[in-house]
Amino acid sequence: MLSWFALPLEAAARRLGPPEPRPPHAPGPFGFSDVAYVEEILTAAGFADLAIERVETVLPGAATAAEEARFACDRGPAARLIATREPDAATLDAIIAEIAEGFRPYETEAGVRMPAMVFHVTARRP
């Protein structure tokens, strides 16, 4: 299973080439995916009693896979790659179609619902 971020990025990279490597902890959806880094930041800021819990959840999305694919091309890592490489309309349409196909298994009557994992972080400022 690919994540909501990985699926569109991989589709875009197949047609546009891989993105430039990003520095660890760069701003974006995975900037705080390193638990040790989050603990370091919060401890340095004076927080105590840190608890970081991995939570499995579902991301609610657009009504259809096609709408969600277009949204993914406007936000997140795929959008960044598309903006950088500036594909022509036909290439962009092909990327959107591939992303929509990848999202299709997650389409429900309530809209696109993608499984996801997030960290729930709590801390106390003494």
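Residue numbers count from 1 along this sequence. All values below were derived from every heavy atom in this structure, side-chain atoms included, with hydrogens, water molecules and symmetry-related copies excluded.
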Legend entry - Side-chain (Arg85) to main-chain (Gly17) donor-acceptor, under 3.5 angstrom: yes
Legend entry - CG on Leu59 to CD on Glu68, rounded to 0.5 Å: 8.5 Å
Legend entry - Arg125: side-chain hydrogen bond (donor to acceptor under 3.5 Å, both in side chains) partners, not counting sequence neighbours: none
Inset, instruction - Please find out if less than 6.0 Å separates the ring center of Phe5 from that of Phe30. - result: yes
Legend entry - Rounded distance (nearest 0.5 Å) linking atom SG of Cys73 with atom CZ of Arg80: 13.0 Å
Inset, instruction - State yes or no: do Tyr106 and Met117 share one hydrophobic cluster built from I, L, V, M, F, W and Y residues joined by side-chain heavy-atom distances below 4.5 Å, directly or via other members? - result: no
Legend entry - Basic-acidic side-chain contact under 4.0 Å: Arg22, Glu20: no
Legend entry - NZ/NE/NH1/NH2 to OD/OE distance under 4.0 Å, Glu107 and Arg113: no
Inset, instruction - Provide the closest heavy-atom pair for Pro87 versus Leu16 in the form atom of the first, atom of the second, distance. - result: CB-CD2, 3.6 Å
Inset, instruction - Compare every heavy atom of Pro126 with every heavy atom of Ala48, then report the nearest pair and how far apart it is. - result: CB-CG, 4.0 Å
Inset, instruction - Locate the shortest heavy-atom distance separating Val112 from Ala65; write the atom from each residue and the value. - result: CG2-N, 3.6 Å
Legend entry - Gap separating the CG atom of Leu9 from the CD1 atom of Ile82, nearest 0.5 angstrom: 9.0 Å
Inset, instruction - Work out which heavy atom in Glu39 is nearest to a heavy atom in Leu50; give both atom names and the distance. - result: CA-CD2, 3.6 Å
Inset, instruction - Please assess Ile52 against His120 for the test side chain to side chain contact (heavy atoms under 4.5 Å, CB included), listing each intermediate value before the final yes or no. - result: CA-CA 6 Å; Ile52 301 177; His120 180 252; over 6 Å; no
Legend entry - Pro8 vs Phe103 side-chain heavy atoms within contact, under 4.5 Å: yes
Inset, instruction - Please list, chain by chain and in numerical order, all residues satisfying side-chain hydrogen bond (donor to acceptor under 3.5 Å, both in side chains) with Asp88, sequence neighbours excluded. - result: Thr91
Legend entry - Same apolar cluster: Leu81 and Phe71, side chain cutoff 4.5 Å: yes
Inset, instruction - Measure the spacing between CD of Glu10 and CD1 of Ile99 and express it to the nearest 0.5 Å. - result: 11.0 Å
Inset, instruction - Return the minimal non-hydrogen interatomic distance between Phe32 and Val38, and the atom names on each side. - result: O-CG2, 3.4 Å
Inset, instruction - Identify whether the distance between the nearest side-chain nitrogen and carboxylate oxygen of Arg70 and Glu67 falls below 4.0 Å. - result: no
Inset, instruction - Establish whether Val58 and Val118 are linked, either directly or via other cluster members, by ILVMFWY side-chain heavy-atom contacts under 4.5 Å. - result: no
Legend entry - Spatial distance of atom CZ (Phe47) from atom CD1 (Ile41) [nearest 0.5 Å]: 11.5 Å
Inset, instruction - Specify the closest pair of heavy atoms between Arg54 and Phe119, including all atoms of both residues, with the distance to one decimal. - result: CA-CD2, 4.0 Å
